[in-house]
K.L.:
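Pasting a structure here, questions to come.
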Amino acid sequence: MSQSTNITWHDSEVTKSDRQQQNGHKSVVIWFTGLSGSGKSTVSVALEKALFQLGKHSYRLDGDNVRHGLNNNLGFSPEDRKENIRRIGEVSKLLVDAGTIAITAFISPYRADRDDVRAILEDGEFIEVYTACSVEACEQRDPKGLYKKARAGEIKEFTGISAPYEVPHQPEITIDTEHQSVEASVNTIIEYLKEKQYI
Ligand SMILES: Nc1ncnc2c1ncn2[C@@H]1O[C@H](COP(=O)(O)OP(=O)(O)OP(=O)(O)O)[C@@H](O)[C@H]1O
Ligand SMILES: [Mg+2]
């Protein structure tokens, strides 16, 4: 709920579409969602690099990085997860307004929270990428040792173990990170962006 009063929006004289035109591509949010260890960070880093090499302007927002700064006052309760995603959504929107391709890598386990982000953007500005990977495979990878801690009861509310993950109903893109290489996942996304004329 907004607590600000006496505030008035002040428009720029450079528009989003001016910026997109100057950049030579559209701006959009590429929103990764999936279990911890499913490969959101890995694929998003590779995607950011691929887009950079193609001369496209992109910027990656990653769960842990954002929790170091902007969201360091938030935990992992449902309310805090919701607020975490809300702020990321607003930052992503600013990046889109700035003409940039925003790439976000957050578990974002709740469908409603992801849909709230979609709702603050214009049509076509939110590309949901589901990083599909079984909890067993994620647990086997366990790149940060988090599943081990969660199983030992050292982390409460751990997605996939003791907190829910709601699979997207109609993601724009699904990448099967259990059976498909990082390069193949990046190619799937780049091809989508080209086909839909984002880039
Ligand atoms: N095909 C693949 N695609 C993506 N990652 C893979 C693949 N095969 C193996 N991996 C490995 O799986 C792990 C994925 O971890 P990563 O940190 O990217 O997950 P994450 O979804 O960002 O998790 P978290 O939500 O905890 O940040 C990495 O160690 C990566 O090397
Ligand atoms: Mg990550």
Side-chain angles (χ1 to χ4, degrees), residues 29-53 58-72 74-89 91-92 95 101-114 117 126-168 171-193:
V29 180
I30 302 176
W31 187 280
F32 287 86
T33 174
L35 294 172
S36 176
S38 61
K40 301 177 299 296
S41 294
T42 303
V43 176
S44 64
V45 165
L47 175 65
E48 183 182 42
K49 196 169 167 189
L51 286 170
F52 185 84
Q53 285 166 347
S58 70
Y59 192 78
R60 193 174 58 88
L61 297 166
D62 195 291
D64 284 0
N65 302 2
V66 170
R67 281 182 179 274
H68 275 293
L70 179 67
N71 289 356
N72 68 4
L74 300 176
F76 291 88
S77 67
E79 298 72 38
D80 280 7
R81 285 181 193 258
K82 187 180 177 66
E83 176 61 11
N84 184 47
I85 297 308
R86 189 192 68 79
R87 289 186 201 169
I88 302 315
V91 174
S92 304
L95 287 170
I101 299 171
I103 305 171
T104 71
F106 300 83
I107 297 174
S108 45
Y110 300 113
R111 215 174 276 132
D113 296 350
R114 298 191 299 263
V117 178
F126 186 80
I127 300 173
E128 193 169 8
V129 181
Y130 174 43
T131 53
C133 187
S134 67
V135 70
E136 292 77 19
C138 291
E139 185 161 6
Q140 199 132 35
R141 290 175 177 173
D142 207 6
K144 304 179 198 162
L146 296 176
Y147 283 88
K148 198 157 171 250
K149 285 189 186 167
R151 291 287 183 200
E154 290 167 33
I155 308 177
K156 291 189 177 58
E157 304 180 280
F158 191 75
T159 302
I161 304 288
S162 46
Y165 177 78
E166 298 174 357
V167 174
E172 277 72 10
I173 302 173
T174 297
I175 50 175
D176 177 357
T177 62
E178 200 169 335
H179 305 105
Q180 162 181 343
S181 70
V182 174
E183 296 70 38
S185 294
V186 168
N187 281 340
T188 300
I189 299 166
I190 298 275
E191 283 312 308
Y192 180 93
L193 295 175

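Atoms within a ligand are numbered from 1 in the order they appear, just like the ligands themselves.
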K.L.:
Looking only at the aromatic ring of each residue, does the gap between the centers of Y165 and Y110 stay below 6.0 angstrom?
P.N.:
no

K.L.:
Quick one about Y130 and S38 (side-chain donor to acceptor, distance below 3.5 Å, no hydrogens or angles considered), yes or no?
P.N.:
no

K.L.:
Starting from atom 18 (O) of ligand 1, what is the nearest protein heavy atom, named by residue and atom, and what distance separates them?
P.N.:
T42 OG1, 2.5 Å

K.L.:
State, with a plain yes or no, whether a side-chain heavy atom of F32 is found less than 4.5 Å away from one of I103.
P.N.:
yes

K.L.:
Among all protein heavy atoms, pick out the one at the shortest distance from atom 17 (O) of ligand 1; state its residue, atom name and that distance to 0.1 Å.
P.N.:
S41 CB, 4.0 Å

K.L.:
Between K144 and ligand 1, which residue portion shows a heavy-atom distance shorter than 4.0 Å: side chain, backbone, both, or neither?
P.N.:
side chain

K.L.:
Checking contacts here: is it the side chain or the backbone of T177 that comes within 4.0 Å of ligand 1, counting heavy atoms only? Could be both or neither.
P.N.:
both

K.L.:
So which heavy atom in the protein is nearest atom 14 (C) of ligand 1, and how far is it from that ligand atom?
P.N.:
G37 O, 3.4 Å

K.L.:
Mind checking whether T131 contacts ligand 1 via backbone (N, CA, C, O), side chain (CB onward), both or neither, at a 4.0 Å heavy-atom cut-off?
P.N.:
neither

K.L.:
Return yes if some donor-acceptor pair links the side-chain N/O of R60 with the main-chain N/O of T104 below 3.5 Å, else return no.
P.N.:
no

K.L.:
Using distance alone, decide if ligand 1 has a nitrogen or oxygen within less than 3.5 Å of any nitrogen or oxygen in K40.
P.N.:
yes

K.L.:
Listed by chain and number, what are the side chain to side chain donor-acceptor pair (under 3.5 Å) partners of K148, not counting sequence neighbours?
P.N.:
none

K.L.:
Just to check, does S38 reach to within less than 4.0 Å of ligand 1 when the distance is taken from its heavy atoms?
P.N.:
yes

K.L.:
Give a yes-or-no answer on whether the side chains of R81 and T159 include a donor-acceptor pair shorter than 3.5 Å.
P.N.:
yes

K.L.:
Please write down residue, atom name and distance for the protein heavy atom closest to atom 12 (O) of ligand 1.
P.N.:
R141 CD, 3.1 Å

K.L.:
With heavy-atom distances below 4.0 Å as the criterion, list the atoms of ligand 1 near Q180.
P.N.:
1 (N), 2 (C)

K.L.:
Looking only at protein heavy atoms, identify the closest one to atom 19 (O) of ligand 1 and say how far it is in Å.
P.N.:
G39 N, 3.3 Å

K.L.:
Heavy atom under 4.0 Å from ligand 1: found in P143's side chain, backbone, both, or neither?
P.N.:
side chain

K.L.:
Can you list, by chain and residue number, the protein N, O or S atoms under 2.8 Å from the Mg ion (ligand 2)?
P.N.:
S41 OG

K.L.:
Roughly how far, to the nearest 0.5 Å, is the CD1 atom of I155 from the OH atom of Y147?
P.N.:
10.5 Å

K.L.:
Identify, by atom number and element, the atoms of ligand 1 in contact range of I107, meaning under 4.0 Å from any of its heavy atoms.
P.N.:
25 (O)

K.L.:
Does a side chain donor of either H179 or D176 reach within less than 3.5 Å of an acceptor in the other side chain?
P.N.:
yes

K.L.:
Please check whether S181 reaches ligand 1 - meaning an N/O of the residue sits under 3.5 Å from an N/O of the ligand, judged on distance alone.
P.N.:
no

K.L.:
Short list, please: which atoms of ligand 1 are under 4.0 Å from a heavy atom of L35?
P.N.:
21 (O)

K.L.:
Taking the side chain as everything from C-beta on, heavy atoms only, tell me whether V186 gets closer than 4.5 Å to K49.
P.N.:
no

K.L.:
Out of curiosity, R67 CZ to D62 CG, how far, rounded to the nearest 0.5 Å?
P.N.:
11.5 Å

K.L.:
For ligand 1, which atoms sit closer than 4.0 Å to a heavy atom of V182?
P.N.:
1 (N), 2 (C), 3 (N), 4 (C)

K.L.:
Which atom pair, heavy atoms only, marks the closest approach of T131 to G34?
P.N.:
OG1-CA, 3.5 Å

K.L.:
Set out, in order, the CA-CA distance, both residues' side-chain angles and the distance that settles side-chain hydrogen bond (donor to acceptor under 3.5 Å, both in side chains) for E157 and S77, then state yes or no.
P.N.:
CA-CA 7 Å; E157 304 180 280; S77 67; 5.8 Å; no

K.L.:
For T33 and E128, test the side chains for any donor-to-acceptor distance below 3.5 angstrom and give the result as yes or no.
P.N.:
no

K.L.:
Would you call E83-R86 a salt bridge at under 4.0 Å N-O?
P.N.:
yes

